Amino acid sequence: MRGLRRWWDDTAGGLPAVFWYLWTGLLVNRAGAFAVLFLPLWLTEARGASESLAGAVVGAYGAGGAVGVLLAGVLADRWGRRATLVAAHLVAAGLMLALAFSTHLALIAVLAALVGVAHSMPSPAFVAAIVDVVPEHRRSRAFNLQFWAFNLGMAVASLLAGLLAEASFVALFLVDAAATLAAAVLIAWKVPETLPRVALPRVAPPGRSPAGGPDPVAGRRPGLVTALTDGTFLVFVGLTFVLAVLTMQASTIMPLAMRADGLGPSAYGTVVALGGALIVVGQLFVPRLIDRHRGHHVLAVSTGLLALGFGALAFADLLPVYLLAAVVWTVGSMLAAPPNAQINADLAPPELRGRYQSVFYLTFPAASFVAPTLGGVSLEHLGERHWLLVGGLGLLATAGHLLAGPPRERRVAARTARRAAPERTPVG
């Protein structure tokens with residue numbers, strides 16, 4: 001019993017009530033976000049669209065997502081986290097209702113793009129709010145629980161989507177809209193505005209902070225451009241993009257490789273289900289594994305596992321090999337989630353948290369475009385050697401984390417020290 005209590009304290013103890021309302025809102029949001037999973041099938045079966053047109057509409061949804069994360073970052077820092085979350089959920093619910101009863105394909109394409117905008121907006125605001133309310137020494141476990149809720153919700157969504165689609169496509173959209181509305185009501189009711197009211201920093205000469213120490217973001221007008229020109233942050237974003245490209249292989253290129261090996265959709269479903277089950281069951285044990293280790297070491301190990309798992313597919317012909325490889329890369333993904341979010345939070349100035357989150361979250365729609373586009377060409381021309389290329393890319397990113405980690409940590413430590421130091425007042 002004492003061991004169970006200690007595990008609970010290490011995993012979820014000491015987190016404020018506002019975090020748990022945010023966590024519940026995220027879980028409801030993800031558990032209800034299943035209509036988009038069946039968007040191509042709905043377009044082809046219920047709306048008579050061709051496969052190419054259905055692909056274009058889904059692409060419009062993805063393009064909207066890229067716009068939405070940037071818009072959300074700006075709004076979260078200006079309007080506030082709560083206002084952005086409530087507005088995004090309400091707009092998404094309304095758009096889902098409109099999409100359910102739309103019949104003209106041109107209108108459906110426009111609505112799909114707008115749904116992409118609304119669906120992607122909560123992510124930066126959710127994370128910014130979590131950083132606002134959770135003490136720094138407990139953020140790693142908060143981010144671990146956030147990743148767990150996201151995947152648990154997606155698992156529930158995948159299950160419910162199949163059942164509802166069998167009954168009615170309209171029901172699929174209506175229940176999605178209802179879940180989104182429920183998340184909006186919960187956030188509006190229980191989550192206060194968490195945006196810290198801090199004064200924007202004075203503009204100092206480039207490379208110097210107002211406190212006198214080196215600071216690569218000093219001397220710039222605070223705004224989205226600050227995040228987009230922060231070299232240390234962009235190196236981290238680039239490494240995260242590689243990790244996202246690796247992770248996307250499982251849902252974009254691996255099904256094609258399995259088909260070439262004579263394995264059918266049920267085999268692919270088994271591999272995906274195994275990964276989801278590992279995350280749902282095992283993610284809560286991750287904090288005790290990583291809390292005593294430096295973030296860039298954990299990210300190097302996790303990226304190395306992703307490289308090993310996907311690289312092993314070059315030698316996979318049978319389902320058991322695919323399953324074993326899936327275990328390896330899923331563990332890598334599980335280890336990466338908390339330090340990725342923690343480092344992102346550490347690098348962002350408090351007054352620009354939403355904007356930094358939005359730039360960070362751009363890696364995922366970008367990876368969802370690059371992974372299938374370049375991956376399909378690579379698989380076609382390289383065959384199984386494609387997976388060796390993917391593994392090599394992951395190993396390069398592993399080295400990148402080891403090289404970029406120490407200077408990144410020194411920057412965070414210097415910023416923390418400046419904030420903790422008392423301001424000096426002139427004598428006389």
Side-chain angles (χ1 to χ4, degrees), residues 62-81 84 88 113 116-132 195-196 198-210 213-245 248 295-296 299 339-371 397 400-401 403-405 407-412 414-415 418:
V67 174
V69 291
L70 290 178
L71 177 62
V74 174
L75 293 180
D77 285 337
R78 289 186 177 178
W79 280 6
R81 318 334 184 180
T84 302
V117 173
H119 272 182
S120 64
M121 287 179 65
S123 294
F126 265 125
V127 177
I130 289 171
V131 176
D132 293 340
L195 176 65
V198 295
L200 292 178
R202 301 189 305 273
V203 176
R208 306 293 294 177
S209 73
D215 191 341
V217 302
R220 302 173 186 167
R221 180 179 293 277
L224 188 60
V225 68
T226 306
L228 292 172
T229 55
D230 182 344
T232 301
F233 174 66
L234 291 180
V235 169
F236 171 66
V237 169
L239 292 170
T240 303
F241 170 72
V242 174
L243 186 145
V245 168
M248 288 285 178
H296 69 280
L299 286 175
N340 244 342
Q342 179 67 58
I343 292 168
N344 187 25
D346 290 342
L347 290 174
E351 66 276 3
L352 299 176
R353 276 178 186 151
R355 291 171 172 88
Y356 269 65
Q357 292 295 335
S358 67
V359 174
F360 174 79
Y361 272 95
L362 268 181
T363 59
F364 302 103
S368 68
F369 172 77
V370 170
H401 278 297
L403 293 173
R408 186 172 61 220
E409 289 181 354
R410 287 194 294 270
R411 168 177 156 181
V412 172
R415 177 182 291 170
R418 286 196 302 272

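It should be emphasised that the depicted structure is a prediction, and the values quoted were computed from it without experimental measurement.
Across all non-hydrogen atoms, the minimal contact from His401 to His296 is O-CB, 3.6 Å. Summarising the geometry of Leu362 relative to Ala66, their closest heavy-atom pair is CD2-O, 3.5 Å, with the distance given to 0.1 Å. Between Ala367 and Ala244, the shortest heavy-atom distance links the atoms CB-CB, 3.6 Å. Scanning both residues, Arg353 and Asp77, for their nearest heavy atoms gives N-OD1, 3.6 Å. Scanning both residues, Val117 and Ser120, for their nearest heavy atoms gives O-OG, 3.1 Å. Here the shortest heavy-atom pairing between Ala404 and Leu239 reads CB-CD1, 4.3 Å.
For Thr240, the side chain to side chain donor-acceptor pair (under 3.5 Å) partners two or more places apart in sequence, or in a different chain, are Asn340.
Using a 30° and 60° split on the angle between ring planes, Phe233 and Tyr356 fall in the tilted class, from 30° to 60°. Classification of the Tyr361-Phe364 ring pair by plane angle, with boundaries at 30° and 60°, yields tilted.
In this structure, the side chains of Met248 and Val370 stay at 4.5 Å or more apart for every pair of heavy atoms. Taking 4.5 Å as the limit, some side-chain heavy atom of Leu224 sits within range of a side-chain heavy atom of Val359.
Of the listed residues (Val127, Ile130, Leu195, Leu75), just one forms a side-chain contact (heavy atoms from CB on, under 4.5 Å) with Arg81, and that residue is Leu195.
Residue Thr84 holds its OG1 atom at 6.0 Å from CE of Met121, rounded to the nearest 0.5 Å. To the nearest 0.5 angstrom, Ile343 atom CD1 is 5.0 Å from Phe236 atom CZ. The structure places CG of Leu352 at 10.0 Å from OG of Ser358, a figure rounded to the nearest 0.5 Å.
A salt bridge does not link Arg355 to Asp230: none of the charged side-chain nitrogens sits closer than 4.0 Å to a carboxylate oxygen.
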For this session: Verify side chain to side chain contact (heavy atoms under 4.5 Å, CB included) between Asp346 and Arg408, making sure each step is shown before the conclusion.
Result: CA-CA 10 Å; Asp346 290 342; Arg408 186 172 61 220; over 6 Å; no
